[in-house]
**Student:** 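One structure follows; several queries about it will come next.
Order of the sequence lines fixes the chain letters, A, B, ..., with proteins taken first and strands second; residue numbering starts at 1 for each chain.
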Amino acid sequence: MDQLEIPETPYPRLAPVKTHLQTLMTQALRQLQAEGALAGIESPAIPVERSRDRTHGDFASSVALGLAKMARCKPRDLAERIVATLPTSERIARVEIAGPGFINFFLTPGAYQAVVAEILDQGETFGRSTFGGGRRVQVEFVSANPTGPLHVGHGRGAAFGATVANLLEAVGYQVHREYYVNDAGRQMNILAASVWLRYLEHCGEQLPFPSNGYRGGYVRDLAARLYTEHGNAYLVSAADLFRDLPQDEIRDDAGTVIVPGDKEAHIDALVERARAQLGDHRYRYIFELGLNAILDDIRADLQEFGVVYDEWYSERTLEERGAVNKTIQRLRDAGQIYTKDGALWFRSTAFGDEKDRVVQRENGQTTYFASDIAYHLEKFERGFEWVIDVWGADHHGYVPRVKGALQALGENPDRLDVLLVQFAILYRHGERAPMSTRSGDFVTLRELRDEVGNDAARFFYVMRKSEQHLDFDLDLAKSQSKDNPVYYIQYAHARVCSVVRQQHEKDLPRDEQRGRDHLALLTEPHEEALLIALARYPEVVEMAALNHEPHQLAQYLRELANAFHSYYNEHRVLVSDDGLRDARLSLSLATRQVIRNGLRLLGVFAPEVM
RNA sequence: GCGCCCGUAGCUCAGUUGGAUAGAGUGUCGGCCUCCGAAGCCGAAGGUCGUGGGUUCAAGUCCCGCCGGGCGCGCCA
C-alpha cells in the first residue's frame, strides 16, 4: 500500500523544468561529496519551487539553507559551492545566490517558449500524467438517500466529487465513480409510509402526519400519481391505522415540543402497521414507486449536471447477499461485539472512537452503520487499492467509527480517505436564502441549475476549499461580466476562437510550422507571463489532484485567463509579419487548449462564442 | 463540557505542504475603444495574518493556551 500514499517528499513528481533543476543540483551535490565535502549527508530531497517574485528568477531552491547546518558552513557559502559545481544547461540563462542563501534560477527564453509546441503536440492530453500508475481508486460521492430530490448541499458534493475524480484520472489513476444507494434502510420505509399517508389524505382521510415523515411536495405528487393510476386500491381507514401507536412527538411551528413522545418508535410502528394493512405486495409496490421515481430524478439531475457514475451500488443487494449479517459475524469473531440492552454493539472505542456504536437495534433491525461497514469492507474486497468518500462535514463524527470497524476487520484504515465538504449557503440580493430541510422547504439542485446554469454552478461549487463554508452568490453567478469568474475564463476561450475566425475572414495565411519556427519572437513581457502561466498547468493539475483541491485549478484558470486578457489588450495577434503572427497565433491556441483542458476537468463548457 | 473545522484588505477568498517585501477578485477613486470581442485592460488607496506564548537560520503556515464562529457528540441517517 505504500505506493498509494502521497509521497513524503513535498515534491512528488514535477514538471520537466523542475526535475531538470533537481537533477542538476543532485549532480552538483554528488560532485561535492566525491570531493569530500558534505560527508555523511544522505542525498536529500531537493526543494525547488517557482519563485513568487520575478526578481528572484523563475525557480528557487533552498537546499543550501537546509543543508548548511549539517555541512557546518554558512548557507551562502554552501550555495556558492553548489552553484560553482552546477553543470551547465541550455535551459538556464543564469543562476544567482540571494538572501540568506537561496539559489535562484533564471531560464532562457527558449525554455519558456518550448511549452507552446509541447501544448500543441499534446493537445487535450497536455497536463495529464502517469503519476497514479493506473492504480485503482474508488471515489464515492453524493450518495444521498433516495428519499427526495437533491438539494444545493448535495450539489457541492457532486461538483467536488466529480472534479476530484476527474483530477485523479488526469494524473493516471484508474478511477471508479460510485453512488451508494440507500435503498434498503429504514428511511426508505419511512418514505413509502409518507407517500401512502399522503395518498390516504388525497382519498379524504384525516390523519396526524408523523413528525418524522417526509413532508416535501414531491411526496404529495407521488401520492397523487398513485391515486390517479390506482384509485382507491390502497385505501384503508386512517383511524384503524393509528390506533394504539406509540405517541409521536409533536412540535409547533417554532419547533417547541407540545406533546412529548418517541418519534422514532412512532414512525417504526407506523411502518409496521402499514406493511400489515397493505400486505407485502401492495406495500412493496408503493415502496418501489417512491424509490424508482426519486432515484430516476436524482440520476437525471446529476447527468444534466455533467456528473456521471460508473456504478450505482445498491445497499439492498448487500443485504440480500447477507453481507451485513456476515460482517457483524466477522466483528463478533474478532471479539469486538457485545450485547447490551438487547442491542448489539461494536466496540469502536477500542479503535479510537468516543463511544461504542450499535450495529443491531433491540428490534432486530441492523443500523445504517452496520451496512456501511459491510459496504466499505466490500470496497476493499472488490480490489480498490484506495477508497475516497466525499461526505458532508456534518458527518465528520462518523469517520472514526467507520475506520475503526475496518481496522477491527483487519483492513488498513489508511486506505480510506474521507473528504469532508462544508455546506454551501446561498445568497440572493445580499441576503441569505432560506434553507431548512426540516420543513421540506429547501432549494433543490435543479432549481439552482435552472437559475444560474450548470457551468456557473459547477465552477462556484469548487471555487473554494472544500472545508471552507461556501458563500454562493446567486446574482454573481448569473452576471455576465468580468466579475463572474466563469464568464471571465470562458470569455478568454471565446476570444481566441474569435481571433481565429478573424484570421480566416481576413484571409491571413497561417502555417503551423512557421509559427513553431518563430516562437523565439515571443519576447514581450506579457508573452513571457503567459508562457509561464501555461507551463504551470501540469503542476497545478498534479497538486490539485494529490491534495484533493479542485479550487487550485479554478484559481489557476482565472490567473491564466487574466494573463491572456492582459496580453490581448496590449498586443495584436494578427499582425502583418507572417512569422510573428503565426507565433502569436500558436501562443493563443496553446492558451485556448489549456483553458479547454482545465475547464473540462471542472466540468465547465468551453464556448467558441458567447 | 468533549471532539473536528474555520478566523488573512470594508466584503468574498488565495497563499506553492516552513521560505525572501502576505496576494487576487469585489467594492471605492482615477485612467484606456478610428485598432483581432470594453463580457476586456491599466493604475491608486486599503493589513498589528483573531490573540498570547513556543519551536528555528526562517512561521499566515508547525506546537500549546485563550477569544470568536460553524458542525458533531442517538438503538436517526
**Student:** Pick the closest RNA chain B nucleotide for A:Arg186 and for A:Tyr487 by heavy atoms, then say which residue is nearer the 5' end.
**Tutor:** A:Tyr487
**Student:** Give the ring-plane orientation class for A:Phe346 versus A:Phe369, where under 30° counts as parallel, over 60° as perpendicular and anything between as tilted.
**Tutor:** tilted
**Student:** Please state whether the rings of A:Tyr568 and A:Phe564 are parallel, tilted or perpendicular, taking 30° and 60° as the class boundaries.
**Tutor:** tilted
**Student:** Decide yes or no, distance alone: a donor-acceptor N/O pair under 3.5 angstrom between the base of B:A20 and the side-chain of A:Asn104.
**Tutor:** yes
**Student:** A:Ala492 near the nucleic acid: base, sugar-phosphate alone, or nothing, with a heavy-atom cut-off under 4.0 Å?
**Tutor:** nothing
**Student:** Quick one: on RNA chain B, does A:Leu574 or A:Asp341 contact a more 5' nucleotide (nearest heavy atom)?
**Tutor:** A:Leu574
**Student:** Using a 4.0 Å heavy-atom cut-off, does A:His565 contact any base of the nucleic acid, only the sugar-phosphate backbone, or nothing at all?
**Tutor:** sugar-phosphate
**Student:** Taking only side-chain N and O atoms of A:Tyr488, does any of them lie within less than 4.0 angstrom of OP1 or OP2 on B:C41?
**Tutor:** yes
**Student:** Between the side chains of A:Glu608 and A:Arg501, is the shortest nitrogen-to-carboxylate-oxygen separation below 4.0 Å, so that they form an ion pair?
**Tutor:** no
**Student:** What's the base orientation of B:C41: syn (chi within 90° of 0) or anti?
**Tutor:** anti
**Student:** Counting the atoms with a prime plus P, OP1 and OP2 as sugar-phosphate, which does A:Ser498 contact under 4.0 Å by heavy atoms, base, sugar-phosphate, or nothing?
**Tutor:** base
**Student:** Please measure how far the P atom in B:G15 lies from the corresponding atom in B:G60, and state the result in whole Å.
**Tutor:** 16 Å
**Student:** Please measure how far the C1' atom in B:C62 lies from the corresponding atom in B:G43, and state the result in whole Å.
**Tutor:** 39 Å
**Student:** Mind telling me whether A:His526 and A:His571 have parallel, tilted or perpendicular rings, with 30° and 60° as the class edges?
**Tutor:** perpendicular
**Student:** Answer whether the closest heavy-atom distance between the side chains of A:Ile294 and A:Leu191 falls below 4.5 Å.
**Tutor:** yes
**Student:** Classify A:His551 by what it touches in the nucleic acid, base, sugar-phosphate, or nothing, heavy-atom distance under 4.0 Å.
**Tutor:** sugar-phosphate
**Student:** Using the P atom on both, measure B:U21 against B:U28 and round to a whole Å.
**Tutor:** 33 Å
**Student:** Got a donor-acceptor pair under 3.5 Å from the side chain of A:Glu264 to the base of B:G74?
**Tutor:** yes
**Student:** Using whole Å, report how far CD of A:Gln422 lies from C1' of B:C13.
**Tutor:** 15 Å
**Student:** With the criterion being N/O to N/O and under 3.5 Å, what pairs connect the protein with nucleotides 8-12 of chain B, and how long is each?
**Tutor:**
from: B:U12; atom 1: O3'; to: A:Asp471; atom 2: OD2; distance (Å): 3.2
from: B:U12; atom 1: O2'; to: A:Arg464; atom 2: NH2; distance (Å): 3.2

**Student:** Is the phosphate of B:G15 approached by A:Lys465 (side-chain N or O, under 4.0 Å from OP1 or OP2)?
**Tutor:** yes
**Student:** Atom pairs, N/O to N/O, protein against nucleotides 22-33 of chain B, distance under 3.5 Å?
**Tutor:**
from: B:U26; atom 1: OP1; to: A:Lys482; atom 2: NZ; distance (Å): 3.1

**Student:** Does the side-chain ring of A:Phe102 sit on the six-membered ring of the B:A20 base, less than 5.5 Å centre to centre and under 30° in tilt?
**Tutor:** yes
**Student:** At 4.0 Å (heavy atoms only), tell me whether A:Gln480 reaches a base, stays on the sugar-phosphate, or touches nothing.
**Tutor:** base
**Student:** Where the side chain of A:Tyr491 is concerned, which of B:A38, B:C35, B:U21 is the nearest nucleotide?
**Tutor:** B:A38
**Student:** Counting Watson-Crick and G-U wobble pairs whose two distances are both under 3.5 Å, find the runs of 3 or more in a row that involve RNA chain B.
**Tutor:** B:1-7 with B:67-73, B:10-13 with B:23-26, B:28-32 with B:40-44, B:50-54 with B:62-66
**Student:** Take the protein atom CG of A:Asp353 and the nucleotide atom C1' of B:C2, then report the distance between them rounded to whole Å.
**Tutor:** 13 Å
**Student:** Which part of the nucleic acid, if any, lies within contact of A:Val609, taking any heavy atom under 4.0 Å across all strands shown: a base, the sugar-phosphate backbone alone, or nothing?
**Tutor:** base
**Student:** Are the charged groups of A:Arg186 and A:Glu264 less than 4.0 angstrom apart, N to O?
**Tutor:** yes
